[in-house]
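The structure under discussion appears below in the form of structure tokens.
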Amino acid sequence: MAVELDVFVGNTTIMDEEVYQLWLDGYTVNDAVKVRMEGGVMDECEASADVLLSDTMDQYRTFQMCERLLHSPAKLANQLLFQIPPHRQAMLIERYYAFDDAFVREVLGKKLSKGTKKDLDDVSAKTGVTLKSCRRQFDNFKRVFKVVEELKGPLVENIRQHFLLSDKLARDYAAIVFFANNRFETGKRKLQYLTFQDFAFCAGQLINSWTVGAVDNMVEDMDVDLDKEFLQELKELKILIADKDLLDQHKSLVCTALRGKTKAFNEMEANFKNLSRGLVNIAAKLTNTRDVRDFFIDLVEKFIEPCRSDRWTAADMRLYLTHYTNSAHILDTFKHQVVWDRYMGVIKSCIFKMYHD
């Protein structure tokens, strides 16, 4: 009796995106099979449990063999072992380097060292992210940090080109590298309300305005190290609070501009000098590495918390900081407008992002 068979031969590597995600999330083969069964894959494919187990194991082996290539994504396009279409390569890379916000929030600003890696058990228990996934994400952060550390040129572009990531993910990695390099404190209780994306936004502002790369775009570490010359110049801003006449004049200009425009005017007027001292003192201390690390906690304690306790709205904050910044340009004896604008441009953007009324 003759039997007819339809045979299809191909050399494209078969990869199931759902199984890939389970592998990335640190599921064992057996746990991945359970998830697939609960998702109804056996009904869709009319497959037995043995076939499903065999398929999952086969795909896990493929992913493990691909992993060394994913450590240097450009190699994925040039290898001949796996026939993977370009769009599928992009998916593999992007997902491999994707991370959980809950995880990155726990390690943001910490040294990417063996000591931090030893604490990943605790991070895993706290966030619910599997230990295997925590390790992959941590190793990715460390790998990107090491590669871009010695490169000249813009940080985001270097990450994008070397790791073939989307612009959004490259910017997130730039923030992680920047925070790890400058060791910004993000773990204190007063900062817990801030998300990774809040910090990533602020990192972008700092990189664009306060780093060496803001003035010279072809030096090593240009987007990672803060501009030391600029940090020294910030000390000149102390005249705004040290000179009593200048402080009084600044207050008068700001209060004249604000009167009648906000319900919080009385609080703004009463607290002007304390708030101004807070912002100017933050600037003057940034030559000290410890104070750079405390930048975000200082913003919260010296400015955001006092405003929040006086029940300022986000609109109040925007109005106040706009007039506070602009009024300095009218002060007769204040000669540091360029440094002031470079400083306050970042301060305003960060506070607007961090102030959740």
Side-chain angles (χ1 to χ4, degrees), residues 67-78 93-94 96-101 103-120 123 134-187 196-197 199-231 286-296 346:
E67 189 163 19
R68 63 182 179 80
L69 298 170
L70 289 165
H71 291 170
S72 304
K75 290 181 180 176
L76 198 60
N78 301 320
I93 295 165
E94 190 80 359
Y96 188 78
Y97 283 90
F99 52 80
D100 293 281
D101 279 5
F103 171 75
V104 72
R105 186 65 186 81
E106 290 298 315
V107 299
L108 189 66
K110 292 183 179 174
K111 199 171 182 181
L112 299 174
S113 64
K114 287 180 182 175
T116 306
K117 193 169 182 178
K118 283 179 184 173
D119 296 334
L120 294 184
V123 175
C134 286
R135 285 177 177 154
R136 171 182 60 81
Q137 294 176 53
F138 183 83
D139 288 343
N140 285 344
F141 298 161
K142 193 171 179 179
R143 187 179 309 111
V144 173
F145 184 94
K146 282 191 168 181
V147 168
V148 300
E149 190 172 30
E150 304 302 328
L151 295 175
K152 293 182 179 180
L155 181 59
V156 174
E157 189 57 27
N158 283 340
I159 293 171
R160 213 164 55 78
Q161 286 190 0
H162 279 77
F163 291 93
L164 309 181
L165 304 180
S166 66
D167 186 66
K168 171 69 173 70
L169 193 54
R171 288 182 188 283
D172 284 347
Y173 267 90
I176 293 163
V177 169
F178 182 70
F179 268 71
N181 184 70
N182 291 286
R183 305 285 302 282
F184 288 108
E185 173 61 62
T186 66
F196 166 70
Q197 289 303 330
F199 282 121
F201 172 84
C202 293
Q205 299 297 308
L206 288 157
I207 288 169
N208 290 336
S209 299
W210 287 8
T211 58
V212 183
V215 286
D216 183 352
N217 65 1
M218 279 314 290
V219 291
E220 281 187 15
D221 291 341
M222 54 166 274
D223 286 345
V224 177
D225 292 336
L226 295 174
D227 181 355
K228 288 185 171 57
E229 195 175 319
F230 166 65
L231 299 183
L286 286 174
T287 48
N288 184 333
T289 305
R290 178 68 248 176
D291 289 304
V292 168
R293 290 181 187 175
D294 286 342
F295 174 69
F296 292 100
V346 169

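The shown structure was predicted, so the numbers you read here are calculated from the model rather than taken from an experiment.
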**OP:** Check side-chain hydrogen bond (donor to acceptor under 3.5 Å, both in side chains) between Ser72 and all other residues, then give those that pass, not counting sequence neighbours.
**Re:** none

Original post:
How about Tyr173 and Leu155: do any of their side-chain heavy atoms sit closer than 4.5 Å?
Top reply: no

**OP:** Write down the atom of Leu165, the atom of Leu169, and the distance for their closest heavy-atom approach.
**Re:** CD2-CD2, 4.0 Å

**OP:** Calculate, to the nearest 0.5 Å, the distance between atoms CG and CG belonging to Leu164 and Leu76 respectively.
**Re:** 8.5 Å

Original post:
Does the side chain of Thr211 reach to within under 4.5 Å of the side chain of Val224, using non-hydrogen atoms?
Top reply: no

Original post:
Got a sec, which residues hit side-chain hydrogen bond (donor to acceptor under 3.5 Å, both in side chains) with Asp294, two or more places apart in sequence or on another chain?
Top reply: Arg290

Original post:
Where the side chain of Thr116 meets the backbone of Lys111, is there a donor-acceptor pair that is under 3.5 Å apart?
Top reply: yes

Original post:
Just wondering, do Leu151 and His162 contact through their side chains at under 4.5 Å, heavy atoms?
Top reply: yes

Subject >> Nearest-0.5 Å distance that lies between atom CZ in Phe295 and atom CG in Leu206 >> reply: 5.5 Å

Subject >> Any side-chain heavy-atom pair of Glu149 and Val177 under 4.5 Å >> reply: no

Original post:
According to the salt bridge (Lys or Arg N to Asp or Glu O under 4.0 Å) rule, which pairs have a member within residues 165-184, sequence neighbours left out?
Top reply: Asp167-Arg171, Lys168-Asp172

Subject >> Side chain proximity check, Glu229 to Val212, heavy atoms < 4.5 angstrom >> reply: no

Original post:
Looking only at heavy atoms, what is the nearest atom pair of Val346 and Ser209, with distance?
Top reply: CG2-CB, 3.4 Å

Subject >> Partners meeting side-chain hydrogen bond (donor to acceptor under 3.5 Å, both in side chains) with Lys75 (sequence neighbours left out) >> reply: none

Original post:
Phe163 versus Asn158: any side-chain heavy-atom pair under 4.5 Å?
Top reply: no

Subject >> Between CG on residue Asp119 and OG on residue Ser113, distance to nearest 0.5 Å >> reply: 8.5 Å

Original post:
So Phe230 and Trp210, would you call those rings parallel, tilted or perpendicular, with 30° and 60° as cut-offs?
Top reply: tilted

Original post:
Just wondering, do Val123 and Phe138 contact through their side chains at under 4.5 Å, heavy atoms?
Top reply: no

**OP:** Measure the spacing between SG of Cys202 and CZ of Phe178 and express it to the nearest 0.5 Å.
**Re:** 10.5 Å

Could you go through residues 141-148 and list every donor-acceptor pair under 3.5 Å that involves a side-chain atom there, pairing it with any protein atom two or more places apart or in another chain?
residue: Arg143; atom: NH1; partner: Tyr97; partner atom: OH; Å: 3.4
residue: Arg143; atom: NH1; partner: Asn140; partner atom: OD1; Å: 2.6
residue: Arg143; atom: NH2; partner: His71; partner atom: NE2; Å: 3.3

Subject >> Approximate separation, where rounding is to 0.5 Å, of Glu185 CD and Leu108 CG >> reply: 10.0 Å

**OP:** Write down the atom of Phe179, the atom of Ala203, and the distance for their closest heavy-atom approach.
**Re:** CE1-CB, 3.5 Å

Original post:
Minimum heavy-atom separation for Ala200 to Ala175, with atom names?
Top reply: CA-CB, 3.8 Å

Original post:
Under the ring-ring contact (aromatic ring centres under 6.0 Å, His included) criterion, do Phe199 and Phe184 qualify, and how do the steps go?
Top reply: CA-CA 10 Å; Phe199 282 121; Phe184 288 108; 8.8 Å; no

Original post:
How would you list, by chain and number, every residue that makes a side-chain hydrogen bond (donor to acceptor under 3.5 Å, both in side chains) with Glu94, sequence neighbours excluded?
Top reply: Ser166

Original post:
In Å, rounded to the nearest 0.5 Å, how long is the span from CG of Leu120 to CZ of Arg135?
Top reply: 7.0 Å

**OP:** Check the pair Asp100 / Gln137 against side chain to side chain contact (heavy atoms under 4.5 Å, CB included), numbers first and verdict last.
**Re:** CA-CA 8 Å; Asp100 293 281; Gln137 294 176 53; 2.8 Å; yes

